[in-house]
Number of protein chains: 2
Amino acid sequence: MATASSHSPDPRPPLRERKKQRTREALTDAALDLFTRRGFDGVTLDELCDRVEVSKRTFFRTFASKEEVAMAPYEDLWRTFIDDLELRPASPDRPVLQALQDSVLAAMQTMDAGDWAHRLLLCTQLAGKTPAIEAHCLYFCDVTVRAALDVLHRRFSLASHDLRLRLALDILVAAFHRGLETWATRPQAATADQLATDTRAAFAAIPGILTLAAVAPADHA
Amino acid sequence: MATASSHSPDPRPPLRERKKQRTREALTDAALDLFTRRGFDGVTLDELCDRVEVSKRTFFRTFASKEEVAMAPYEDLWRTFIDDLELRPASPDRPVLQALQDSVLAAMQTMDAGDWAHRLLLCTQLAGKTPAIEAHCLYFCDVTVRAALDVLHRRFSLASHDLRLRLALDILVAAFHRGLETWATRPQAATADQLATDTRAAFAAIPGILTLAAVAPADHA
DNA sequence: CAGGCGAATGCCACTAAGTGGCATCCTCTC
DNA sequence: GAGAGGATGCCACTTAGTGGCATTCGCCTG
């Protein structure tokens, strides 16, 4: 209405796309709210769709499953990560694992708009108490790791069958999950900045896994 | 029949238990067969239950989901792993990750009876081509890792919140999965021995994840 | 501005996983 | 051999997810 005269090019995506996007956001917001208040299993899709005034059929054209809508903010992060990998300048000689950590942190920075951190907090907590969501999340990570492997292979000619590379990606994801866990269970201050800090701390723990040794049982009280 | 006279103590578990066990095995065998031949989604539980002559209600008293029956041989391995952890003598000064690898290999050795390797091969291949099964498998691993963390905490007073310990378990699982993948996609000879070999190779790749560096794009053909 | 094209949506019927309740049957024990 | 209790079967039900088709809505062209 108040925006563009008829002949100036509109920088925004066409209305159809914006509508789809709005539906998508309305669904995730309503889902996070309802799931958080009454539990994932305590809310039916019929109810969610009713709330957003959308048919169930449309829901499944937007999300592949009930789990996916709950993890949308999380999945957005990893999609951004893949995008970052595509564009990141090569840094030979630098350990791949380091570069990957940079990409994760960069992706986090990109997400930092609007209320993303808060939505991520909600879906992290939901995943923590809902096996079905957690399972979906872990599978999504698996797919993402394979996608990343593909990008690395294509852009930096890293052998995609090299076990070390795949394991580096796996440990990257695992460490990020620990960072998320720390962040989400913190009593307060689950800000985007704090998430970056917690993630860095989790990454820093990686080298220690090789040398960590058991204490003899007698060594403690 | 030919086994025990009436007053000698029976070493076998009571009949009721044996029956349950037989149903369980019949279900997994039939499931692996049907799923392998016609795909996970191409077989309904009604059909599976009909084949084994068991009610669907009984199926769900034996397995928690359709996915679980397909991964039973895999899950058995990790349960054995946990048992091994419980009994394994402490080895202070030895890196925890090493000890954990020993436990996995020991568990594999224990499983080596009957046709286990073959069943594991089938369910690994199924997981590879069925997202629902893969997701279930990854979640199961997550639960197993937490259980292992608990044992390590209780037996060796390792701090269960130590990120390094958790990450060591995560990388252990990830590496095992790579070993499994190598083993299951090998053209032939998917034997228990070969699995041990492939698993060891995957474990050996772990230290390399820290130092692996990218090759400059210009460095290749 | 008319009108049509194609994408997105809504509606309806349907399949199949998973659950609760209750009657029945089987195994163990005394 | 009789009773107690666990395991099973059967039935009805909920709900996630899908396919098909009519309808609507944004977009583009004449």
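Below, chain A is the first sequence line, B the second, and so on; all start at residue 1.
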Give me the ring orientation class for A:F176 and A:W78: parallel if the planes are under 30° apart, tilted from 30 to 60°, perpendicular past 60°.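 Taking A:W78 first and then A:F176, their aromatic rings stand perpendicular (interplane angle over 60°).
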In terms of ring plane angle, is the pair B:F140 and B:Y74 parallel, tilted or perpendicular, where the classes change at 30° and 60°? perpendicular
Hey, is CD on A:E47 packed in by over 12 heavy atoms from elsewhere, all under 6.0 Å?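 For A:E47, atom CD is crowded (more than 12 foreign heavy atoms under 6.0 Å).
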Using a strict 4.0 Å threshold on nitrogen-to-oxygen distance, state whether [X] and [Y] make a salt bridge.
X	Y	answer
B:E134	B:K129	no
A:E17	A:R24	no
B:R79	B:D83	no

Please list, in numerical order, the residues of residues 122-137 of chain A that have a heavy atom closer than 4.0 Å to any atom of DNA chain C.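 Within this stretch, nothing sits under 4.0 Å of the strand.
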Encode nucleotides 10-16 of chain D as B, S and - characters from 5' to 3', where the letter depends on protein heavy atoms closer than 4.0 Å: B to the base, S only to sugar-phosphate, - to neither. B----SB
Between atom [atom1] in [X] and atom [atom2] in [N], what is the gap in whole Å?
X	N	atom1	atom2	value
A:R24	C:dA8	CZ	C1'	16 Å
B:F59	C:dG20	CZ	C1'	18 Å
B:K20	C:dC28	NZ	P	12 Å
B:D50	C:dA16	CG	P	14 Å
B:E68	C:dG18	CD	C1'	13 Å
A:F63	D:dG17	CZ	P	13 Å
A:R16	D:dC28	CZ	C1'	10 Å

Taking atom types as modelled, is there a side-chain donor on B:S103 or B:D84 under 3.5 Å from an acceptor on the other?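 There is such a pair (donor and acceptor under 3.5 Å, judged by atom type) between the side chains of B:S103 and B:D84.
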Short side-chain to backbone donor-acceptor contact, A:R200 and A:L195, under 3.5 Å: no
Short side-chain N/O contact to C:dT27 OP1/OP2 from B:K19, under 4.0 Å: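 True: B:K19 side-chain N/O within range (under 4.0 Å) of C:dT27 OP1/OP2.
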A:F60: what forms a ring pair (Phe, Tyr, Trp, His ring centres under 6.0 Å) with it, not counting sequence neighbours?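 With sequence neighbours excluded, A:F60 shows a ring pair (Phe, Tyr, Trp, His ring centres under 6.0 Å) to no residue whatsoever.
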